[in-house]
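Shown next, in C-alpha cells, is the structure this report addresses.
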Amino acid sequence: MDLAGIGVKMWDEKKIKRFRRALLDWYDKEKRDLPWRRTQNPYFIWVSEIMLQQTRVDTVIPYYERFLATFPTIKDLAEAPEETLLKCWEGLGYYSRVRNMQKAAIQVMEEFGGEFPNTYDGILSLKGIGPYTAGAIASIAFGLPEPAVDGNLMRVISRLFEVNLDIGNPSNRWAFQEIAEILIDPDRPGDFNQALMDLGSDIESPVNPRPEESPVKDFSAAYLNGTMHIYPIKKPKKKPTPMKWRAFVVQDEQGRFLVEKNTQADLLSGFWHFPLIRDFSTIGESIDLFEGVLEESSNYEINQNIPLEVQFESLYRMKLTPIRLLPKSVKHIFSHQRWDIELQYASALGEVKNNSSRTLKWVTKEEMKLLPQSRVQGKMCEILVGQELL
DNA sequence: TAGTCGTGGTA
DNA sequence: TTACCAAGACT
C-alpha cells in the first residue's frame with residue numbers, strides 16, 4: 001500500500017517548502033521554553049522523551065529535574081538500586097518505562113562504550129525506545145532527518161491530508177511516517193518535529209482545537225473542507241474492568257505495619273503496599289463486576305465462599321484479631337482496571353512465618369514513607385490518616 | 001491485533 | 001460521577 005492507495009495526494013516541492021517555512025516561523029515565535037529544550041545532551045533528551053510518553057508536560061517538569069539531579073549520567077542510571085529508581089519515578093506511572101531505561105543504560109555502557117548511540121538504528125535498539133522516541137532523539141539531539149510520529153503528529157497530519165485511517169491502530173502508522181518523511185525539514189528536523197508537537201498539543205489539540213489560529217490552516221484539507229470534526233479517526237477505548245479488593249492493615253505489638261513488595265504481578269511491580277486479596281464474593285451484585293470476573297472463573301470458584309480474613313491467615317500464615325472494616329473504601333482507576341478496595345484493620349497475634357514466596361516486612365510509619373509507593377497505597381494511607389490510625 | 005501498563009487534569 | 005485525554009512500548 002502507498003499514499004495514493006489511501007487517497008492521499010502529496011503536495012509539490014514548492015508547497016512543501018512553504019509549509020516548512022510557515023510552521024517553523026510560527027515555532028520560532030511561539031515555542032514553549034522547556035527544560036529539555038535548553039540542552040543538546042542526548043541523555044537528558046532521552047529522559048525527557050521517556051517521561052513525556054502518555055504524560056503531560058506540566059507533570060513531567062519536576063520529575064525531570066529531580067531525576068537528572070539524582071542520576072546525572074547514564075552510568076549513574078545503569079548502577080542505580082531498583083528502589084532508588086522507583087522512588088524517583090513514584091507517581092509518574094507506567095513504571096516499566098524506568099525499568100527499561102535502566103536496561104538501556106546498561107546497554108549503552110556495555111554495547112556502546114558509555115556513549116549514547118548517534119544513529120537511528122542504534123537508538124532504536126535500546127530497550128524501551130520505539131519508533132517515535134528513536135525519531136525524536138535522533139532529530140532533536142543529533143539533527144538527523146527522522147520524523148517523530150506520535151499522537152500529535154498523526155492528529156495534525158490526518159487533518160492536513162484528511163487521512164482516513166485509524167490513528168490508534170499501529171498497522172496504520174506507516175502512512176503517517178511516510179508523509180512525515182516527505183514533509184520534514186532536512187535543515188531543522190528536530191525543530192520541525194517539535195513544532196508539530198507544540199501545534200498538536202495546543203492549537204490542534206484533540207479537545208477544543210482552535211484551527212483558525214493554526215499557522216498552517218491554509219494547508220489543511222480538513223480545515224478548508226470543513227471536515228475538522230471528522231479527523232483524526234480514532235476508535236474509543238475499552239472501559240476499565242471493575243475489581244474488588246480487601247486490603248489488610250495489620251499492626252504488630254509495636255504498632256508497626258505489615259507491607260508486601262509486589263513481586264508477582266506486572267502491575268505496580270516492585271512497589272510496597274498493604275497485603276491485598278481479590279474479593280470475588282460480591283459476584284451477582286453488579287453486572288459490570290460480573291463481566292469483569294468471568295475470565296477468572298477458576299479463581300472465583302476457589303475463593304468466592306471463603307471469608308477474606310480466613311484467606312489472609314492462610315496465605316500469610318498469621319493469626320489476626322480483626323478489629324473493624326473502615327467505613328470508606330479506596331477507589332482507583334488504572335488504564336484498564338477500576339479498583340474498589342475495602343480496608344480491614346487488624347492486629348497480628350504472632351510473627352509472620354514467611355514460608356511463601358512473598359516479600360513481607362514490618363515497618364514504622366516513617367520507614368513506610370521511604371519505600372516506593374503507588375498512588376493506590378497512598379490513597380489507603382490517606383484513609384488511615386483520616387481515621388487517625390496512621 | 002489487542003491487551004497491558006498509571007496518573008492527574010479537564011469538561 | 002463519568003468519560004476522555006496526554007510527546008508509546010511491549011507482549
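Every chain is numbered from 1, with letters handed out A, B, ... down the list of sequences.
Exactly one of Trp11(A), Tyr231(A), Phe19(A) qualifies for a ring pair (Phe, Tyr, Trp, His ring centres under 6.0 Å) with Phe161(A). That residue is Trp11(A). Under the ring pair (Phe, Tyr, Trp, His ring centres under 6.0 Å) rule, Phe67(A) has a single partner from Phe71(A), Tyr63(A), Tyr64(A), which is Phe71(A).
Here Ser335(A) lies in heavy-atom contact (under 4.0 Å) with a base. Ser374(A) comes within 4.0 angstrom of sugar-phosphate atoms only, judged by non-hydrogen atoms across all strands, and of no base. When heavy atoms are screened at a 4.0 angstrom cut-off, Val60(A) is found touching no nucleic acid atom at all. Trp339(A) comes within 4.0 angstrom of nothing in the nucleic acid, heavy atoms only.
Distance from the side chain of Asp150(A) is smallest to dA7(C) among dA7(C), dT7(B), dG8(B). The side chain of Lys238(A) sits closest to dG3(B) out of dT11(C), dG3(B), dT7(B). Side chain of Gln337(A), nearest nucleotide from dC5(C), dT1(B), dC5(B): dC5(B). With dG6(B), dA7(C), dC10(C) as the choices, the nucleotide that has an atom nearest any side-chain atom of Phe334(A) turns out to be dG6(B). Of the candidates dG6(B), dG8(B), dA11(B), dA11(B) carries the atom nearest the Asn208(A) side chain, counting heavy atoms from C-beta on. Residue Leu267(A) places its side chain closer to dG6(B) than to any other of dA7(C), dT7(B), dG6(B). Of the listed nucleotides (dG9(B), dT7(B), dC5(B)), dT7(B) has the atom at the smallest distance from the side chain of Leu268(A). Comparing dA7(C), dA2(B), dG8(C) against the side chain of Gln53(A) picks out dG8(C) as the nearest.
No N or O donor and acceptor, one from the side chain of Thr55(A) and one from the base of dG8(B), sit under 3.5 Å apart.
Taking 4.0 angstrom as the limit, Arg56(A) places none of its side-chain polar atoms (N or O) nearer than this to OP1 or OP2 of dA7(C). The side chain of Lys127(A) contributes an N or O atom lying less than 4.0 Å from OP1 or OP2 of dT11(C). Contact between the side-chain N/O atoms of His336(A) and the OP1/OP2 oxygens of dT4(B) is not found at any separation under 4.0 Å.
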Could you list the donor-acceptor pairs under 3.5 angstrom formed between side-chain atoms of residues 116-127 of chain A and any protein atom two or more places apart in sequence or on another chain?
{"residue": "Thr119(A)", "atom": "OG1", "partner": "Gly122(A)", "partner atom": "N", "Å": "3.0"}
{"residue": "Ser125(A)", "atom": "OG", "partner": "Gly122(A)", "partner atom": "O", "Å": "2.6"}

Using atom types as modelled, flag every donor-acceptor pair under 3.5 Å from a side chain in residues 383-390 of chain A to any protein atom, sequence neighbours excluded.
none

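Among residues two or more places apart in sequence or in another chain, the ring pair (Phe, Tyr, Trp, His ring centres under 6.0 Å) test is passed with Trp245(A) by Trp339(A). Looking at residues two or more places apart in sequence or on another chain, you find a side-chain contact (heavy atoms from CB on, under 4.5 Å) between Val310(A) and Ile306(A), Pro307(A). The side-chain contact (heavy atoms from CB on, under 4.5 Å) search around Ile106(A) returns Ala78(A), Gln102(A), Glu110(A), not counting sequence neighbours. Remark: Trp174(A) engages no residue in a ring pair (Phe, Tyr, Trp, His ring centres under 6.0 Å) (not counting sequence neighbours).
Nucleotide dG6(B) holds its C1' atom 14 Å from the CG atom of Asn262(A), rounded to whole Å. In this structure, CG of Asp58(A) is placed 10 Å from C1' of dG9(B), rounded to the nearest angstrom. Atom CD1 in Ile167(A) sits roughly 13 Å away from atom C1' in dC4(C) (whole-Å rounding). Arg338(A) has its CZ atom 8 Å from the P atom of dA3(C), to the nearest Å.
Distance noted for atom P between dT10(B) and dA7(C): 15 Å (whole Å). For the C1' atoms, the distance linking dT11(C) with dT1(B) amounts to 11 Å, nearest Å. Remark: the separation of the C1' atoms in dG6(B) and dC4(C) is 15 Å, to the nearest Å.
A heavy atom lying under 4.0 Å from DNA chain B marks the following residues of residues 61-95 of chain A, by number: Gly91(A), Leu92(A), Gly93(A), Tyr94(A), Tyr95(A). Of the residues in residues 129-146 of chain A, none lies under 4.0 Å from DNA chain B by heavy-atom distance. Within a heavy-atom distance below 4.0 Å of DNA chain C, no residue of residues 170-192 of chain A is found. Of all the residues in residues 26-34 of chain A, Arg32(A), Leu34(A) reach under 4.0 Å from DNA chain C with at least one non-hydrogen atom.
The cationic atom of Arg246(A) (NZ for Lys, CZ for Arg) does not lie both less than 6.0 Å from the six-membered ring centre of Phe312(A) and within 45° of the ring axis.
Trp272(A) and Glu367(A) form no side-chain donor-acceptor contact under 3.5 Å, judged by distance and modelled atom types alone. Glu181(A) and Gln177(A) share a side-chain donor-acceptor pair at under 3.5 Å. Side-chain N/O atoms of Ser335(A) and Tyr94(A) include a donor and acceptor closer than 3.5 Å. Looking at Ser329(A) and Asp340(A), their side chains do bring a donor and an acceptor atom within 3.5 Å of each other.
Taking the ring centroids of Phe334(A) and His332(A), they lie under the 6.0 Å cut-off.
Taking the nucleotide of DNA chain C with the nearest heavy atom to each of Val149(A) and Pro236(A), the more 5' of the two is matched to Pro236(A).
The list of salt bridge (charged side-chain N to carboxylate O under 4.0 Å, His left out) pairs with a residue in residues 93-106 of chain A, not counting sequence neighbours, reads Glu82(A)-Arg99(A). Counting only residues at least two apart or in different chains, side-chain hydrogen bond (donor to acceptor under 3.5 Å, both in side chains) contacts with residues 192-213 of chain A comprise Arg32(A)-Asp198(A), Arg32(A)-Ser201(A), Arg37(A)-Gln194(A), Arg37(A)-Asp198(A), Ser139(A)-Asn193(A), Arg159(A)-Glu204(A), Asp202(A)-Arg210(A), Arg210(A)-Glu213(A).
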